[in-house]
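The figures here come from the full heavy-atom set of this structure, side chains too, leaving out hydrogens, waters and symmetry mates. Proteins come first, then strands; the chains are lettered A, B, ... in the order of their sequence lines, and each starts at number 1. Computed from a prediction, not measured in an experiment: that's the story for all the values here.
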Amino acid sequence: MSTNGMTSWAVDLKDVGAIYPFQGSEVLLVILGLAFWIGWHILQMRNEAAEISSELNSDPRGEDTKKAIDRY
Amino acid sequence: MGDNLSAVTTVFTEFYYWVTVVIMFLIHVGFCMYEVGASRRRNHLHTLMKNTMAIPLVTVTFFFFGWYIYFAFPNGPGFTGGLTAAPQAVPWSPLMGTHLSGPTPDGGIDAATAALWHRLNGVFWAAFLLFSITTASIVSGSIIERVRSGAFWIIAVLVGSVLWIIDAAWGWHFGGWMVKLLGYHDAYASGVVHAIAGGAALATLIVLGPRIGKFRADGTARDIPPHNPWLVTIGLFLIYTGFWGFYAACNIPVISPAAIAGQITGETWTATNIYLAPTTLSAITFNFLMSLSGGLMAGYIISKGNAFWTYSCGLCGVIGASAGNDLYHPIQAMLIGAIVPVICYKLHYWVENRFKVDDAVGAVAVHGYGGFLGVVVAGFMLWGQPSSPYEGYAAITPWGNFIGAVIMFALGFIPIYIVAKILNGMNLLRVPAKVELEGLDFSNNQAYEAAIREVAAAERAMVK
């Protein structure tokens with residue numbers, strides 16, 4: 001048993017194709033990869049919304065905001 | 001060189017490794033920027049020089065004995081034989097200098113050895129040396145702001161010119177006993193560079209103790225922010241850049257099946273990993289970028305956009321996938337590169353709070369846990385694949401790689417724990433509390449300020 005079908009290098013390299021593990025699962029990998037990418041955007045948007053909400057609720061008197069502006 | 005093709009191959013290989021060395025030097029520029037950025041203003045000079053001087057100290061010791069260890073020790077402590085002859089790697093060898101390939105019988109150099117090594121010895125030595133300095137530098141960042149430089153430099157030489165190169169001979173050499181008996185596979189050094197360095201860093205940190213003020217009276221940890229987060233992140237960016245050279249240097253760029261002299265048949269030349277098993281520069285380029293991206297994306301989410309941890313997780317993603325990045329599919333590399341840093345990030349804070357370990361730059365997590373997990377994951381992902389092009393070697397397995405990962409981490413941890421204990425017992429490991437509070441650059445900064453005052457006063461007096 002081998003995850004890429006090879007158990008020995010006693011081969012002529014001109015006859016060897018892909019050697020990554022779990023060949024045949026490329027479509028599944030692409031689906032997982034796309035899910036990771038889209039999931040990242042969803043999580044990032046949620047985190048960003050929480051951060052903006054927190055910033056909206058901070059410094060109600062504006063004193064620290066003025067200091068931040070002065071600090072450039 | 002027997003013919004024009006072998007001459008061109010040799011000169012190309014020589015130049016290839018030379019380029020990797022130049023690129024890998026950026027890792028150390030990055031380490032210096034990163035450590036100085038992470039330290040407080042009163043410790044800059046000490047932090048910079050601590051890391052910088054590891055470069056010459058590991059270089060000269062790697063010339064004297066590190067390079068010999070790599071070729072002499074692949075059989076391990078009696079597992080598969082004794083010491084291996086390494087006439088090209090002893091420091092008095094004629095091949096450790098300018099050499100034009102003629103045999104030197106008085107120096108124990110036959111024609112075949114001279115033909116192979118006369119142009120490759122220096123660049124191959126240098127590529128390994130840059131791995132050595134990297135391994136030592138990984139320890140450096142975690143212990144900033146309280147370690148004595150002299151103690152660190154002893155640890156750096158031990159890690160960089162003895163311990164890591166022993167594990168490289170065992171598990172990162174085409175004839176290493178771990179490859180033969182365990183089927184150990186660690187193509188881009190998750191274990192042999194990163195896990196051992198993480199183990200050594202953790203051992204030093206346990207003996208050294210946390211920085212003053214790191215933990216509150218109730219035992220919870222305070223954040224000690226870097227004085228310059230931008231320098232830290234650019235330093236990490238430079239480390240990534242240097243990793244391009246690191247990855248390329250782990251490969252043999254071009255070799256024929258006849259030169260490998262293993263089981264491969266036919267006439268097709270190939271690039272190989274360090275075990276002389278085929279891979280391609282394209283494959284590792286795919287996988288480096290995908291694992292880096294997986295780590296950056298996961299790090300950004302898990303740390304809620306913290307720049308230091310996002311960059312660190314990018315590096316950890318690469319390290320987590322490095323053991324198998326010669327063979328993974330790019331999406332596999334990306335997913336491994338995303339999952340491993342999340343575990344390491346969580347482990348960093350768990351260990352910090354549970355055991356009061358103050359790792360100033362997260363090096364134990366990024367390199368130690370990341371490298372360990374990377375080797376373990378490769379054991380599962382590459383299960384059953386041949387570890388070597390030579391007959392009689394064990395196949396890659398989860399248990400072979402797990403044992404290998406434990407050996408790597410322990411080979412860094414145990415000896416350095418003992419050495420750190422000895423240094424601590426002699427009061428050589430940590431600076432006194434007064435010096436730590438003043439800052440390690442106190443006298444230097446006082447002299448600097450006095451010099452500025454004096455020269456300014458002198459110049460003001462000359463104004464009419």
Can you say whether the rings of B/Y16 and B/F12 are parallel (under 30°), tilted (30 to 60°) or perpendicular (over 60°)? tilted
Which residues share a ring-ring contact (aromatic ring centres under 6.0 Å, His included) with B/W170, sequence neighbours left out: B/W177
Check whether more than 12 heavy atoms from other residues, nucleotides or ligands sit under 6.0 Å from atom CZ of B/R222, and answer yes or no. yes
Mutual orientation of the aromatic rings belonging to B/Y188 and B/Y247 [parallel < 30°, tilted 30-60°, perpendicular > 60°]: parallel
To the closest 0.5 Å, what do you measure between OG (B/S282) and CG (B/N287)? 10.0 Å
Nearest 0.5 Å, please: how far is CZ in B/R40 from NE2 in B/H227? 12.0 Å
Counting only heavy atoms closer than 4.5 Å, note whether B/M334 contacts chain A via side chain, backbone, both or neither. side chain
B/Y390 OH: over 12 foreign heavy atoms closer than 6.0 Å: yes
Residue-level interface, residues 290-297 of chain B with chain A, non-hydrogen cut-off under 4.5 Å: B/G294, B/M297
Examine whether an atom of B/F380 lies under 4.5 Å from a heavy atom of chain A, and if so say whether it belongs to the side chain, the backbone or both; otherwise answer neither. backbone
Residues in residues 312-332 of chain B near chain A [non-hydrogen atoms, under 4.5 Å]: B/L327, B/Y328, B/H329, B/I331, B/Q332
Residues, nucleotides or ligands: over 12 heavy atoms within 6.0 Å of A/F22 CZ: yes
Mind checking which of residues 268-280 of chain B sit less than 4.5 Å from chain A, heavy atom to heavy atom? B/T268, B/T270, B/A277, B/P278
Parallel, tilted or perpendicular: ring planes of B/W383 versus B/W399, cut at 30 and 60 degrees: perpendicular
Tell me whether the count of non-hydrogen atoms from other residues, nucleotides or ligands lying under 6.0 Å of CD in B/E391 goes above 12. no
Whatever's closer than 4.5 Å to a heavy atom in chain B on A/V30 counts as both
Heavy-atom count check: over 12 atoms from other residues, nucleotides or ligands less than 6.0 Å from A/F36 CZ? yes
For A/E63, is the CD atom crowded, meaning more than 12 foreign heavy atoms sit under 6.0 Å from it? yes
Please evaluate residues B/Y240 and B/F243 with respect to the criterion ring-ring contact (aromatic ring centres under 6.0 Å, His included), reporting the C-alpha separation (whole Å), side-chain torsions for both, the decisive distance (0.1 Å), and the verdict. CA-CA 5 Å; B/Y240 298 165; B/F243 260 57; 7.9 Å; no
Close side-chain approach of A/Q44 to B/Y300, heavy-atom, < 4.5 Å: yes
Best-contacting candidate, A/V11, A/L43, A/V16, against chain B by heavy atom pairs under 4.5 angstrom: A/V11
Taking CE in A/M1 as the centre, count heavy atoms belonging to other residues, nucleotides or ligands within less than 6.0 Å. Is the count above 12? yes
Pick one of side chain, backbone, both or neither for A/N4, based on which atoms fall under 4.5 Å of a heavy atom in chain B. both
